[in-house]
Amino acid sequence: MSTTLPRAALGWRYRVAAWLVIGQAVVMEIGALLALPVLVLLGVGQADVGERFHFALPYFQDNLSLLMVMSGIFGVLRLLGGIGVLCDRLWVSR
């Protein structure tokens, strides 16, 4: 018994949503992770990075490099989820 739906049953809304999730994961989440090595190679310190971006919570301000790494991990998970939706790997109760 197959747990995947036929391609026609997936619907165009799921495909559009999957592409939106993939786009957000690549641009916003993984983009922050890819900026981290550039900042390290340019010699920008953690305190200097925090001066450019202002957050409401000082914890985020002080730990911006860790926040960028967590953003990359979250981006990879979002990317895998979007690809899973496109490949019809949905958990559907019937």
Side-chain angles (χ1 to χ4, degrees):
M1 180 175 186
S2 177
T3 60
T4 61
L5 293 174
R7 185 117 180 117
L10 185 61
W12 64 273
R13 290 183 180 134
Y14 283 112
R15 286 193 294 274
V16 169
W19 282 111
L20 287 173
V21 166
I22 290 171
Q24 183 199 14
V26 169
V27 174
M28 296 185 70
E29 311 291 347
I30 297 177
L33 178 68
L34 294 178
L36 187 61
V38 173
L39 294 173
V40 170
L41 288 175
L42 291 175
V44 178
Q46 185 173 347
D48 297 334
V49 174
E51 291 176 5
R52 306 257 190 248
F53 302 101
H54 299 286
F55 292 100
L57 300 173
Y59 176 78
F60 291 151
Q61 194 80 24
D62 297 337
N63 298 305
L64 190 59
S65 59
L66 293 176
L67 188 66
M68 293 170 84
V69 171
M70 289 188 302
S71 175
I73 294 169
F74 186 66
V76 168
L77 292 175
R78 288 181 75 87
L79 182 65
L80 290 175
I83 292 171
V85 170
L86 282 179
C87 295
D88 296 338
R89 300 293 184 219
L90 298 174
W91 290 275
V92 180
S93 60
R94 294 181 186 206

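In this chain, residues are counted from 1 in sequence order. Note that this is a predicted model, so its numbers are computed, not measured.
- When all heavy atoms of Gly72 and Ile30 are compared, the pair lying nearest together is O-CG1, 4.4 Å.
- A continuous path of hydrophobic side-chain contacts links Val38 to Leu36 [ILVMFWY only; heavy atoms under 4.5 Å].
- Linking Ile, Leu, Val, Met, Phe, Trp and Tyr residues whenever their side-chain heavy atoms come within less than 4.5 Å places Leu86 and Val26 in a single cluster.
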Full working for side chain to side chain contact (heavy atoms under 4.5 Å, CB included) between Leu39 and Met68: CA-CA 11 Å; Leu39 294 173; Met68 293 170 84; 4.0 Å; yes

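- Under a hydrophobic clustering in which Ile, Leu, Val, Met, Phe, Trp and Tyr are joined whenever their side-chain heavy atoms come within less than 4.5 Å, directly or via other members, Leu41 and Leu34 fall into different clusters.
- Across all their heavy atoms, Leu33 and Val69 have their closest contact at CD1-CA, 3.9 Å.
- In the hydrophobic clustering of this structure, Leu64 groups with Val44; members are Ile, Leu, Val, Met, Phe, Trp, Tyr whose side-chain heavy atoms approach within less than 4.5 Å, directly or through other members.
- In this structure, CZ in Arg78 is found 4.0 Å from CD in Gln24, a value given to the nearest 0.5 Å.
- The two residues Leu79 and Ala25 have their closest heavy-atom pair at N-CB, 3.7 Å.
- Formation of a donor-acceptor pair under 3.5 Å by the Ser71 side chain with backbone atoms of Ala32 is not found in this model.
- Looking at heavy atoms from C-beta onward, Val16 lies out of side-chain contact with Arg13 at the 4.5 angstrom threshold.
- Cluster annotation: Leu66 and Ile73 are assigned to distinct hydrophobic clusters (Ile/Leu/Val/Met/Phe/Trp/Tyr, side-chain heavy-atom contacts under 4.5 Å, transitive).
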